Amino acid sequence: MKTETHENKYLKHCLNCESEVTSLDPDHIFCDQCGYPIRNECTNTGKYNSSGFENEPLHQDEEEYLLEPTAAFCPKCSAESLFNQRGLIEVKHPKVEIIKKPTGEIPFPF
């Protein structure tokens, strides 16, 4: 299923409430009817870094990094897309994170 967008990657209809998106103002990235995003972006930018990323954002010089509406992860840094984070798109292959156990530690209690 193709998601229709305007030429600047804004959705033509909100994925949450299906309202028509008429404002293409670059400062308006959320639906004025339900508050969900109407443009998919990488969440590892300076704009979203305060929402949980521990490291410096990959796209430091960019306020935003636009993604296709179907992208679940950023192709540059593998961070979740805004649409993925908000549950607006189906993610067929969730990101797997490997957690390494520290070596050489003595289990507690002795």
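Computed from a predicted structure; not experimentally measured. Heads up: numbering here begins at 1 and tracks the sequence.
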Under a 4.0 Å N-O cut-off, is there an ion pair linking Glu20 with Lys12?
no
Are Lys92 and Glu90 ion-paired here, with the side-chain N under 4.0 Å from a carboxylate O?
no
May I ask you to decide if Asp25's main-chain N or O and Tyr10's side chain share a donor-acceptor pair within less than 3.5 Å?
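Pair found, side chain donor or acceptor close to backbone of Asp25.
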Please test Cys34 against Ser19 for side chain to side chain contact (heavy atoms under 4.5 Å, CB included), starting from the C-alpha separation and ending with a verdict.
CA-CA 9 Å; Cys34 69; Ser19 295; over 6 Å; no
Going from [atom1] on [X] to [atom2] on [Y], what distance comes out if it is rounded to the nearest 0.5 angstrom?
X	Y	atom1	atom2	answer
Leu15	Ile89	CG	CD1	8.5 Å
Gln85	Thr43	CD	OG1	5.0 Å
Ile29	Ser23	CD1	OG	12.0 Å
Asn16	Gln33	CG	CD	11.5 Å
Thr22	His28	OG1	NE2	10.5 Å

Taking all non-hydrogen atoms of both residues into account, name the closest pair between [X] and [Y] and its distance.
X	Y	answer
Leu66	Glu41	CD2-CG, 3.9 Å
Ala71	Ser81	O-OG, 2.7 Å
Thr45	Tyr65	CG2-N, 3.9 Å
Arg86	Tyr36	O-CE2, 3.8 Å
Pro75	Leu67	CD-CD2, 3.7 Å
Arg39	Pro26	NH2-O, 3.8 Å

Can you find a pair of side-chain heavy atoms, one from Cys74 and one from Asn44, that are under 4.5 Å apart?
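No. Closest side-chain heavy atoms not under 4.5 Å.
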Could you walk me through whether His13 and Val21 pass side chain to side chain contact (heavy atoms under 4.5 Å, CB included), step by step?
CA-CA 5 Å; His13 292 90; Val21 176; 5.7 Å; no
Shared hydrophobic cluster, Leu24 / Leu82 (ILVMFWY, side-chain heavy atoms < 4.5 Å):
yes
Test Asn84 against Phe73 for side chain to side chain contact (heavy atoms under 4.5 Å, CB included), laying out the working first.
CA-CA 7 Å; Asn84 181 4; Phe73 299 97; 3.6 Å; yes
Step-by-step side chain to side chain contact (heavy atoms under 4.5 Å, CB included) determination, Thr70 to Phe83:
CA-CA 8 Å; Thr70 55; Phe83 284 5; over 6 Å; no
